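Reviewing the structure listed below.
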Amino acid sequence: QVQLVESGGGLVQAGGSLRLSCAASGRTFNSDYMGWFRQAPGKEREFVAFITSNSFTRNYANSVKGRFTISRDDAKNTAYLQMNSLKPEDTAVYYCAADPNRSYTTNPRSYTYWGHGTQVTVSP
């Protein structure tokens, strides 16, 4: 059974940091592109970041560029999202996703596997 399980969310004050993890199981994700998305209440799911296989390229949404860093540890089948200088507008459920087709896209519809999400809440 293929699973992506996010962890590391929580409540943090503005300016603080969190590190999200995405543990993959059920298959090898080393060749997949891994992405992070988020969805705030009443809003559509939006792209946050993706990383290509072998970490060759990382792509970020403009809203998080310079504050968030995506990484992966293929030996652990795990992806990460380091979030610094958090703002209240970063509050959302954060999802990790895997794209085995390596579409090089920010479109969530291209991602095949999804986790159930982890809540991040940033207080003013």
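Keep in mind it's a predicted model, so treat the numbers as computed, not measured.
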Is Val93 reachable from Met83 through a run of I, L, V, M, F, W or Y residues, each pair having side-chain heavy atoms under 4.5 Å apart?
-> no
Are Leu4 and Val2 connected in a single hydrophobic cluster, I mean Ile/Leu/Val/Met/Phe/Trp/Tyr linked by side-chain heavy atoms less than 4.5 Å apart?
-> yes
N/O donor-acceptor pair under 3.5 Å between Asn101 side chain and Ser103 backbone = no
Indicate the ring-plane relationship of Tyr33 and Phe50, choosing parallel, tilted or perpendicular according to the 30° and 60° boundaries.
-> parallel
Just checking, is any N or O donor in the side chain of Thr78 or Asp73 under 3.5 Å from an acceptor N or O on the other one?
-> no
CD of Gln82 to OG of Ser71: how many Å apart, nearest 0.5 Å?
-> 8.0 Å
Ring-face cation of Arg27 near Phe29 (centre distance under 6.0 Å, axis angle within 45°) = yes
Report the distance from atom CZ of Arg19 to atom OG1 of Thr69, rounding to the nearest 0.5 Å.
-> 10.5 Å
Could you give the distance from CG (Leu81) to OG (Ser21), rounded to the nearest 0.5 Å?
-> 9.5 Å
Between CZ of Phe68 and OG of Ser17, what distance do you get to the nearest 0.5 Å?
-> 9.5 Å
Residues 108-115, side-chain donor-acceptor partners within the protein, below 3.5 Å, at least two apart:
| from | atom 1 | to | atom 2 | distance (Å) |
| --- | --- | --- | --- | --- |
| Tyr111 | OH | Thr105 | O | 2.9 |
| Trp114 | NE1 | Tyr111 | O | 3.1 |

Determine the minimum heavy-atom distance between Arg102 and Ser53, stating which atoms define it.
-> CD-OG, 4.2 Å
Between CD on residue Glu6 and SG on residue Cys96, distance to nearest 0.5 Å | 4.0 Å
Tyr95 six-ring centre to Arg38 NZ/CZ under 6.0 Å and within 45° of normal | no
May I have the step-by-step check of side-chain contact (heavy atoms from CB on, under 4.5 Å) for Val120 and Val122, ending in yes or no?
-> CA-CA 7 Å; Val120 171; Val122 185; 4.2 Å; yes
Ser85 backbone acceptor or donor facing Arg67 side chain under 3.5 Å | yes
Given Thr106 and Phe37, is the side-chain contact (heavy atoms from CB on, under 4.5 Å) satisfied, shown in steps?
-> CA-CA 9 Å; Thr106 63; Phe37 295 80; 5.6 Å; no
Closest heavy-atom pair and its distance - Pro88, Ala14 | CD-CB, 4.1 Å
Can you hop from Val64 to Leu18 via hydrophobic side chains spaced under 4.5 Å?
-> yes
State yes or no: do Tyr80 and Ile51 share one hydrophobic cluster built from I, L, V, M, F, W and Y residues joined by side-chain heavy-atom distances below 4.5 Å, directly or via other members?
-> no
Within 6.0 Å of NZ in Lys43, more than 12 heavy atoms from elsewhere = no
Where is the tightest heavy-atom contact between Ala40 and Ala92, given as atom of each residue plus distance?
-> N-CB, 3.8 Å
Say whether Thr91 and Glu89, considering side chains only, have a donor N or O and an acceptor N or O under 3.5 Å apart.
-> no
Check: Asp74 side chain, Asn77 main-chain N or O, donor-acceptor pair, under 3.5 Å = no
Nearest-0.5 Å distance that lies between atom CD in Glu44 and atom CD in Gln39 | 8.0 Å
What closest approach, in Å, do Asp32 and Arg72 show between heavy atoms, and which atom pair accounts for it?
-> O-NH1, 2.8 Å
Which atoms form the tightest heavy-atom contact between Ile70 and Tyr60, and what is the distance?
-> N-OH, 3.0 Å
